[in-house]
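Only this structure's heavy atoms are used, side chains among them; waters, hydrogens and symmetry mates stay out. The first residue in the sequence is number 1, and the count goes up from there.
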Amino acid sequence: MKSKKSFFKRAVIKQDFRQHGWISIVYFLGLVFTVPLGLLQLASQEFIIFADYDTYLKINTEIQVFLYFSIPVAAALLLFRYIQSESSVDMIHSLPIRRETLYVSHIISGLLLLIVPIILTAIITFFVTNSIDGFAGILTISDLLTWTGLSILLTCMMFAFPVAVGFITGMTTAQAILTYVFLFLPLGMVALVSYNLSYLLFGFTPIFIEDKLMYLSPFVRFIENWGESDPYTMLELIIYIGITILSLVLGLIFYRYRQLERATEVLAFSFMKPIFKYGVTFCAMILGGSYFSASGSLNWSWIIFGYITGALIGYTAAEMILQKTWRILNLRFFTGIAIYSVVFIAILFSIKTDLFNYETKLPRMDQIEKVYFGESYHLQELTNNNVNPYSDSKLYIQDIRNLHEEIIQQRDFVEEQKDAQIQKHSAVFVYQLNNGKELKREYLIPVDALQEKLKPVLEAKDYKVNLPEFSQIQREDVINIQIVPYGPSHQYNPVTITDEKEISDFRKAIEADILSQSLEDIVGTTAPWAYIEIGYKQDNSDTPHMYEGYSVNWKKSFTSTTKWLEDHGYLENTRIDETDITNAEVTYVPTNPQEDIYMPEVIYERGQKHVTITEKETLSTIIYHFSEYSEENVYYVKLTLTDGNVWYGSIPTEYVPEDAKNQIQ
């Protein structure tokens, strides 16, 4: 006996194919032009490295991203367009077809319209790949199956998600907007909240959150990892499958309980209106606070103004959208904003008064198992390279804890010095506790004021071995070293060292200098003698490649490095010293505007009087302590080199000759 109930209707599916079949054609043509024709286009190029395209995701990546995140959304909007129209929703639901049947039928239609083009494209791509000798040995059937599976997953998710969104709103435009808003909302919300907390909470560090932000959006993840063969981890794929299934289930539930007369309304369910209203208010509020904090110094009057303005704008806009009118000034409006204000003030007060002891929390020595102290990006780099950056030295832990305790005790002073033109050292404190938890804080430390507590930490070996230049010089695959003089002169060619024994001995000299640095050497702004560029063997080939971003500064305090270069005849032409300087012109500029931080020549020109120095001994002192920019220095200098180049910078007051000071001031 034939069942009277059916989960889908063939007639509905046929109608969808007749009415919206063009979506499938557009998707198919887009994929064909992007992948198989993209392969043919690459193969026709005269100069091409086939190995650079070892995954199908690297073929016209930008177009693939556009297709995956637009066509499925468009299909969801069109297939369920009837639910947002007053006339069509009544007509469709007057038919003797249950809502569940309609829903499943449209879902089947949409998935067939979108998945079939991917499968057909994969088949065409298989034959195209095997017809090109350069790609046949690189792009395997496994790569094609991976691309096909990932394309189907992203397509299904980007179809199911807007379907679910469509049933909570009564407008197609709102459905499209909310779909992309929800895709980026987790990322944007976490970023804005963490940014606001960074200046609301003393010591709060968003660094470790920022590194995870891209995981909150599949779109951003795809863009960030398009060059990888597997842009998503297995856990992410499972989550995306879960989102797809959950979206389809929620869509069915929303459809079942949705009132048909809600068509053309912004939100179809009443319980969602306060969520929408206060959600928009909160987002606008933190955006306003972020704007006024980023556009100037952390002036609390402006930040509070930004919060108030953003909240008012967000709340007003949300009310206008929900009520579909600008006439919203009534008792309910003022009551709602008053309730929100009271809640927000309570939250802000609890944060600023450190109600939960976040700012003053400091683990006891017996609670700390390991610790890291240093630049946040150093920690990320070490972790990415599978290097353990933590130290379990009790003495080192005690020194770091003493420094941290001093920072907490001088909190008000440390915060006041954030914008001051003094020498500061940025660092994160990461404690690994015995209970498996971590405590993380970040501060901008005024060096002179906390020098007593900072000195034993920065001069400890446990700190120096985590410096990026130390890990760089420790690499075992170094095959050459180049020394590039620091400065504007172009008359010297870089010195290159390729002998294995010389490289080994030179690395030991640099290592000894790095480990013997004083606090002043580490935090000082004195210009180095030169850059020491490390070349290493890449991909087990014999071709040298410069390790980008990790050149080691040959600091003027590196005595072992200097002596080694001198003993081996490399010292000449590897640095600019007093013999390369014709004269130095010194001037006095009492204030150094922050906006000129990278333009010492502009600051120099503001000096009223200039004194010319030609004595070699004085020039030697000037070049040894020369810095292109320092927030503390008030004496600026213009060096004229023997090759005609000029070099602008600054020098500390104590190294300016007294007679020059008397003539300038």
Side-chain angles (χ1 to χ4, degrees), residues 184-217 220 278-315 340-363 372-377 379-380 404-405 407-419 424-433 437-446:
F184 291 98
L185 185 62
L187 185 150
M189 282 288 291
V190 173
L192 284 173
V193 170
S194 62
Y195 175 74
N196 279 260
L197 287 176
S198 66
Y199 56 78
L200 287 173
L201 281 174
F202 180 61
F204 179 83
T205 173
I207 301 298
F208 303 97
I209 298 175
E210 291 173 356
D211 194 39
K212 309 296 182 184
L213 281 179
M214 65 178 181
Y215 290 94
L216 299 176
S217 171
V220 175
Y278 291 112
V280 171
T281 304
F282 178 75
C283 290
M285 180 193 70
I286 60 174
L287 185 61
S290 301
Y291 172 79
F292 283 99
S293 67
S295 59
S297 60
L298 291 179
N299 186 310
W300 274 105
S301 299
W302 281 109
I303 293 175
I304 296 299
F305 174 77
Y307 284 145
I308 295 173
T309 304
L312 287 174
I313 292 174
Y315 190 85
Y340 179 85
S341 300
V342 170
V343 174
F344 169 68
I345 291 172
I347 295 174
L348 185 62
F349 178 79
S350 66
I351 293 174
K352 287 305 294 176
T353 56
D354 196 20
L355 186 63
F356 303 102
N357 297 321
Y358 178 91
E359 299 172 343
T360 57
K361 188 173 183 180
L362 183 64
Y372 170 83
F373 174 89
E375 296 279 356
S376 56
Y377 66 88
L379 176 60
Q380 294 173 355
H404 193 177
E405 186 175 26
I407 292 173
I408 293 174
Q409 291 175 356
Q410 299 194 39
R411 168 192 164 179
D412 294 338
F413 173 77
V414 173
E415 286 197 299
E416 289 172 0
Q417 300 304 308
K418 280 185 177 180
D419 297 321
K424 295 179 286 289
H425 185 74
S426 176
V428 293
F429 295 73
V430 183
Y431 300 96
Q432 286 191 345
L433 307 180
K437 296 182 179 180
E438 285 189 344
L439 187 143
K440 306 169 185 175
R441 299 292 185 269
E442 183 177 25
Y443 305 99
L444 199 58
I445 307 169

[atom1] of [X] to [atom2] of [Y]: how many Å apart, nearest 0.5 Å?
X	Y	atom1	atom2	answer
E375	E442	CD	CD	8.5 Å
F202	I408	CZ	CD1	7.5 Å
L439	Q432	CG	CD	11.5 Å
C283	L185	SG	CG	5.5 Å
L200	I347	CG	CD1	11.5 Å
Q410	Y443	CD	OH	13.0 Å

* Pi-cation contact, Y358 with R441 (under 6.0 Å, within 45°) ->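 So R441 does make the cation-pi contact.
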State, to 0.1 Å, how close [X] and [Y] come at their nearest heavy-atom pair, and which atoms those are.
X	Y	result
Y307	I286	CE2-CA, 4.2 Å
L444	S426	CD1-CB, 3.7 Å
P363	L433	CB-CD2, 3.8 Å
G314	V280	O-CG1, 3.5 Å
A311	Y340	CB-CE2, 4.1 Å
G310	A284	O-CB, 3.1 Å

* Heavy-atom side-chain contact between I304 and L348 under 4.5 Å ->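 Of all side-chain heavy-atom pairs linking L348 with I304, at least one is under 4.5 Å.
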* Is there side-chain contact between V414 and I445, with at least one heavy-atom pair below 4.5 Å? ->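 V414 vs I445: side chains apart.
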* Has K361 got more than 12 heavy atoms of other residues, nucleotides or ligands less than 6.0 Å from its NZ? -> no
* To do: Please find out if less than 6.0 Å separates the ring center of F373 from that of H404.
  => no
* Assert yes or no for the condition that the ring centre distance of Y372 to F429 is strictly below 6.0 Å. => no
* **Residue list, ring pair (Phe, Tyr, Trp, His ring centres under 6.0 Å) with F184, at least two apart or on another chain** =>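 Result, ring pair (Phe, Tyr, Trp, His ring centres under 6.0 Å) vs F184: F219.
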* Quick one: do E438 and V430 satisfy side-chain contact (heavy atoms from CB on, under 4.5 Å)? Show the steps, please. => CA-CA 7 Å; E438 285 189 344; V430 183; 4.1 Å; yes
* Would you check, one step at a time, whether the test side-chain contact (heavy atoms from CB on, under 4.5 Å) holds for Y431 with L362? => CA-CA 10 Å; Y431 300 96; L362 183 64; 3.9 Å; yes
* To do: Begin from the C-alpha positions of F344 and F282 and carry the test ring pair (Phe, Tyr, Trp, His ring centres under 6.0 Å) through to its verdict.
  => CA-CA 9 Å; F344 169 68; F282 178 75; 8.1 Å; no
